[in-house]
Amino acid sequence: MEVKSATFVISNSDWRKCPSDNRPEYAFIGRSNVGKSSLINMLTNNKSLAKTSVRPGKTQLINHFLINHEWYLVDLPGYGYAKIAKTARAEWMKMIKDYFANREQLVSTFVLIDSRIPPQKIDLDFISYLGVNSIPLSIVFTKVDKLKQRETALNVNAFKKALAEEWEELPPIFITSSVSGTGRSKILNYIEQTNNSIKE
Ligand code: GDP
């Protein structure tokens with residue numbers, strides 16, 4: 001897929017106020033600092049569509065971007081700030097749970113995982129949550145330019161092993177770098193194919 005246009009549409013904390021035109025949407029989520037904004041900007045060929053490195057603890061919102069007038073890329077607020085207040089964490093939880101429970105246009109969710117570190121409980125727990133709620137997902141390993149291929153493979157394989165303890169079949173897995181553009185066409189082609197299969 002070629003990204004011909006990518007425009008910001010709306011930010012809000014309530015799934016009910018998200019766009020209601022029934023275009024398919026794809027959500028992106030991960031631990032804060034995982035590289036989500038950078039990945040969104042890389043995918044859309046736009047240096048500043050998603051804002052990188054937002055101040056930790058700041059209230060974050062559900063952001064909708066319209067791609068090619070055809071589908072929405074949804075930037076969901078990240079999880080796992082060590083210093084976040086309990087109330088902010090509870091607000092995040094409610095916003096996310098409501099979104100996943102109600103957003104019928106959601107086709108698939110990309111869960112971003114930092115390729116530089118071994119499997120983390122917080123990520124595995126979040127993936128389990130999506131699985132339990134039957135939300136289709138893919139895994140996106142980020143920042144692979146930072147490690148040697150062999151080291152990335154070790155972390156990716158450890159993650160797959162951890163997933164295999166709960167999942168019979170592994171979700172699609174993408175290896176990416178926002179610096180080099182690795183994985184860009186694979187993710188965009190996956191979205192294009194999925195959009196085509198919905199239309200059929
Ligand atoms: P977010 O909090 O998940 O949106 O993460 P950001 O996109 O703001 O990225 C967090 C930090 O990681 C920033 O300093 C980015 O420049 C850096 N970063 C993000 N993606 C990559 C990547 O693919 N390669 C490298 N080397 N750095 C990255």
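Whatever order the structure lists them in is the order used to number ligands and atoms, beginning at 1.
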Would you call Thr142 a ligand 1 contact, heavy-atom distance under 4.0 Å? no
Hey, is Gly78 one of the residues with a heavy atom under 4.0 angstrom from ligand 1? no
Against heavy atoms of Val179, which atoms of ligand 1 measure under 4.0 Å? 22 (C), 23 (O), 24 (N), 25 (C), 26 (N)
Near Ser177 (heavy-atom distance under 4.0 Å), the atoms of ligand 1 are 23 (O)
List the atom pairs, donor and acceptor, that lie under 3.5 Å between side-chain atoms in residues 163-170 and the rest of the protein, sequence neighbours left out.
residue: Glu166; atom: OE1; partner: Ser128; partner atom: OG; Å: 3.1
residue: Glu166; atom: OE2; partner: Ser128; partner atom: OG; Å: 2.9

Please work out, at 4.0 Å between heavy atoms, whether the side chain, the backbone, both, or neither of Asp145 comes within that distance of ligand 1. side chain
Would one find an N or O of [X], backbone or side chain, under 3.5 Å from an N or O of ligand 1?
X      : result
Gly35  : yes
Lys143 : yes
Ser38  : yes
Ser32  : no
Lys146 : no

Trp71 and Tyr26 aromatic ring geometry - parallel, tilted or perpendicular at 30°/60° bounds: perpendicular
How far does OH of Tyr99 sit from OG of Ser13, to the nearest 0.5 angstrom? 14.0 Å
Pair Lys36 + Asp75: basic N to acidic O under 4.0 Å: yes
In plain terms, say whether Glu70 and Lys199 are close enough for a salt bridge, that is, a side-chain N and a carboxylate O under 4.0 Å apart. yes
If we ignore hydrogens and angles and just use 3.5 Å, is the side chain of Ser138 paired with the main-chain N or O of Ile173 as donor and acceptor? no
Strictly distance-based, threshold 3.5 Å: is any side-chain N or O of Glu151 a donor or acceptor partner for the main-chain N or O of Lys148? yes
